[in-house]
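Here the structure is a predicted model, which is why all the values come from computation and not from measurement. By convention here, the first residue in the shown sequence is residue 1. Numbering of ligands and ligand atoms starts at 1, following listing order.
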Amino acid sequence: MQQSKLPKKVLATCIALALMGCTEVATEKQSEPANTPIWPAIASPVALDPALEQKITEMLAEMTLEQKVAQMIQPEIRDITVDDMRRYGFGSYLNGGGAFPNNDKYATPQDWIALAEAMYQASVDDTQDGSSIPTMWGTDAVHGHNNVIGATIFPHNIGLGAANNPDLIEQIAAVTAREVMVTGIDWVFAPTVAVAQNLRWGRTYESYSENPAIVRDYAAAIVRGLQGKPGENFLSEQHVISTVKHFVGDGGTTDGIDQGNTEVDEKTLYRIHAQGYVGGLEAGAQTVMASFNSWNGEKIHGSEYLLTDVLKQKMGFDGFVVGDWNGHGQIPGCSNHDCPQAANAGLDVYMVPTGAWKPLYENLVQQVRDGVIPQSRVDDAVRRILRVKMRAGLFNKPSPAERPLAGKTELIGSSEHRSVARAAVRQSLVLLKNQNQLLPLDPGQHILVAGSGADNIGQQSGGWTISWQGTGNTNDDFPGGTSIYTGIAEQVSAAGGKAVLATDGRFEERPDVAIVVFGEEPYAEGNGDIANLDYQRGNATDLALLQQLQEQGIPVVSLFISGRPLWVNPELNASDAFVAVWLPGSEGAGIADVILRNAAGEIQYPVQGRLPFSWPATPAQADRRSLNPENPPLLPVGFGLSYGESDELATELPVQFGDASTTATLPVFDRAPQSPWLIELRSGAERSIVESSIQSLGAITTETFDDQVQEDARTMQFAGTDAAAFNFVSPFPRDLRAYAEKDGALVVTLRLESDVPDDAKLTLYCGENCGIAVPVGEHLRALTAGEWQTLAFDVACLQDLGLDMAKVSGIFGLASSEQWSVSFNDVRLEPEADNSSICL
Ligand code: BGC
Ligand code: BGC
């Protein structure tokens with residue numbers, strides 16, 4: 001072979017681009033070569049196989065343009081039918097977080113397999129225009145097979161980072177791969193290798209650590225666990241394809257804003273944010289997901305430099321790049337259904353949920369015909385996709401329902417799998433305070449277990465659990481799982497002690513000690529972005545619970561459930577012992593293993609977790625990059641007490657940090673209701689809290705839709721058949737007097753979807769029989785229908801109308817008995833509004 005004289009790397013590229021020929025490729029590339037000293041060439045342990053490449057070349061020669069473009073399209077199960085799969089032959093498809101076969105949360109493993117089988121059979125059926133290339137199904141199994149009821153749910157990544165144990169992590173990934181394969185799925189969108197630099201980011205818990213070295217080692221371990229080891233059991237019957245995500249800089253955005261802009265130099269981008277790709281590619285990762293964020297203002301989905309020059313050429317990645325959820329649509333000049341820019345930049349697979357897949361497919365076909373996208377680019381993308389499919393044995397494997405693990409439902413949530421998760425929980429706990437060596441506790445005592453998180457598997461599992469946000473789940477949704485309380489109760493009663501559950505901390509018989517389990521409620525992605533790190537800002541109910549116990553002289557152990565370190569100085573002061581338990585998942589019993597001694601009084605398991613992120617000393621200390629000797633954290637990365645160790649936090653910590661939080665913007669709806677606000681529907685005498693994308697109550701229906709990002713806007717349809725209303729309500733009355741005093745305004749961005757009836761009223765509440773309902777038809781009618789427009793209502797005027805600003809319980813609502821409809825995408829209170837606000 002004459003090519004064999006070329007250096008190995010060049011040979012690889014030539015084979016990869018066999019149809020184009022090497023020289024052509026070289027001349028076609030216009031952009032600057034990657035900054036060689038910064039980005040390394042990585043030797044993948046999965047070598048290019050010339051025979052396989054030859055086969056791909058032959059297949060490409062047989063495929064129509066339509067068939068090729070279909071390989072590049074990844075729709076979502078809610079937006080396609082099996083017949084669409086037959087007709088188009090998509091290269092892959094996904095289920096998003098909280099998307100299930102038949103839209104049924106309680107779909108059984110058999111239902112999952114049935115869908116996988118039907119999609120597969122349709123994909124290989126070429127009686128219509130589609131090809132006979134097997135499709136593949138990708139899913140977000142990011143802490144176990146977390147969309148499936150009954151699956152083992154592992155601690156979220158932040159807790160695994162605290163365990164700092166790559167072998168354990170590899171085992172977790174191998175277990176996850178097996179549970180995924182039981183349901184006939186081929187491909188997992190994990191690991192997330194973000195190195196979060198700002199704790200305000202709602203995805204901090206998906207990040208193993210702020211320390212890139214941990215992330216690099218973990219990335220390699222997870223990829224090995226999911227895919228198997230090259231040369232040994234790579235992509236065997238026990239393994240799935242993995243995705244290292246989100247390339248690159250997702251954890252580095254300014255102010256921790258999800259999908260924001262990462263403003264760092266190239267060296268930092270590599271040294272901090274790209275280390276997971278070094279680990280992942282060295283372990284043979286076959287796919288990489290492009291990130292929503294920008295790097296210095298340029299969206300990654302459109303960055304030819306990063307996707308093609310750096311990742312594919314310099315780092316030598318020969319698998320394919322998949323986009324993130326309509327991420328291509330965010331490139332300037334693109335929309336979800338029209339975006340040749342992404343393919344040209346190097347995106348190989350468009351993740352295109354929603355109905356946009358069809359026009360996107362049609363546009364891409366046309367754009368190749370018109371030469372907007374070079375044929376060579378499409379051939380390269382499809383070559384990469386087919387290469388991964390062949391390496392995964394998709395062409396030789398039996399269909400999903402016939403694969404060895406398919407239908408072995410006893411593996412889902414098996415006791416063997418759960419014991420791996422329980423070990424992970426034990427290793428992830430970080431002890432921050434242990435005054436008088438209170439922990440581990442003697443299980444023979446009378447123990448009160450309090451707090452909203454005590455018996456709440458949903459809360460302890462966090463986002464990406466059954467539903468996308470992790471909300472709306474009850475303990476019954478976790479068959480086989482154990483809450484933190486259940487784990488404690490079992491061991492305490494076995495040891496002859498008594499554990500009593502009382503969420504509100506009340507008791508009849510005085511306990512020897514109280515364990516209070518509290519922390520963040522579940523969230524995912526941008527919905528979890530916060531303004532500062534103050535835990536329960538202005539609403540410190542958990543602190544009140546701790547203090548109430550402390551004042552009675554009862555020793556208090558705090559178990560803090562959270563997706564990130566938060567500023568909890570007051571709660572630390574009010575606790576004798578304090579453990580960061582992160583988001584432990586379905587095996588809550590792992591906590592009892594560590595905090596309780598055995599019946600013989602011996603330590604069962606040491607407490608061994610170490611902080612993966614430093615712990616903040618003030619509510620403002622969110623950005624890792626702001627930490628330095630003059631601005632030290634409360635506790636550094638790597639901190640974690642062991643049992644018997646002296647306690648640095650025994651003294652009182654400062655709790656005053658000015659009143660900055662009372663004058664800040666108060667977001668009420670920003671993509672989703674912002675805690676503590678919830679949307680309440682009213683129809684006649686009935687009420688309900690909105691928990692799903694679409695929900696109806698009598699005469700009112702609400703539905704989310706995508707404005708800028710997914711599900712960031714809502715429509716309210718009033719049917720006109722009864723008195724109906726919606727409002728943003730808080731479970732606790734809020735003291736918002738500062739906004740009236742500081743010239744504040746209630747600012748809402750609305751879009752009228754129909755005419756406004758005469759009886760439309762703006763409503764705000766201040767408790768059960770307190771509130772105002774003011775006609776606003778006149779002001780709404782002044783808006784142009786069908787366009788987003790912002791109205792600002794002067795808060796002091798609302799107060800004058802009778803709203804008690806000291807106890808606001810419903811902050812913005814509309815009421816009417818007529819038929820009409822209106823949408824909103826932003827609701828907030830602003831201090832110091834200008835004088836253009838409306839005085840009702
Ligand atoms: C969907 C989820 C999906 C998420 C991705 C949401 O709109 O409901 O299924 O995972 O977007 O960002
Ligand atoms: C997330 C990804 C996820 C995808 C599919 C996106 O919104 O950023 O991490 O894999 O949705 O659900």
- [ ] Dump the intermediate steps for side chain to side chain contact (heavy atoms under 4.5 Å, CB included) on Val142 and Lys245, then the final yes or no.
- [x] CA-CA 11 Å; Val142 298; Lys245 72 185 188 185; 3.9 Å; yes
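Near Lys245, the atoms of ligand 2 lying under 4.0 angstrom from a non-hydrogen atom of the residue are 2 (C), 3 (C), 9 (O), 10 (O). Every atom of ligand 2 with a heavy atom of Gln710 under 4.0 Å away is listed here by number and element: 7 (O). The Met289 neighbourhood of ligand 2 comprises atoms 10 (O), with distances under 4.0 Å to a heavy atom of that residue. Residue Asp324 approaches ligand 2 through these ligand atoms, each under 4.0 Å from one of its heavy atoms: 1 (C), 2 (C), 3 (C), 4 (C), 6 (C), 7 (O), 8 (O), 11 (O).
Residues Ser291 and Asn293 have side chains that bring a donor and an acceptor to within less than 3.5 angstrom of each other. A donor and an acceptor atom, one from each side chain of Glu266 and Trp295, are nowhere located under 3.5 Å apart. Inspection of the Ser92 and Gln74 side chains reveals an N or O donor paired with an N or O acceptor under 3.5 Å. Checking Thr139 against Asn95 by side-chain atom types alone, a donor-acceptor pair falls below 3.5 Å. With no hydrogens or angles considered, a side-chain donor-acceptor pair links Ser693 and Glu711 at under 3.5 Å.
Judged by the shortest distance from any of its heavy atoms, Trp468 lies outside the 4.0 Å radius around the atoms of ligand 2. Heavy-atom separations between Arg203 and ligand 2 include at least one value shorter than 4.0 Å.
For ligand 2, the polar-atom distance check finds an N/O of His246 within less than 3.5 Å of one of the ligand's N/O atoms. Residue Asp140 places at least one N or O, backbone or side chain, under 3.5 Å from an N or O of ligand 2. Of the N or O atoms in Trp464, none lie within a sub-3.5 Å distance of an N or O in ligand 2.
The distance between the ring centers of Trp187 and Phe320 falls below 6.0 angstrom.
Residue Leu94 touches ligand 2 through its side chain alone, judged by heavy-atom distances below 4.0 Å.
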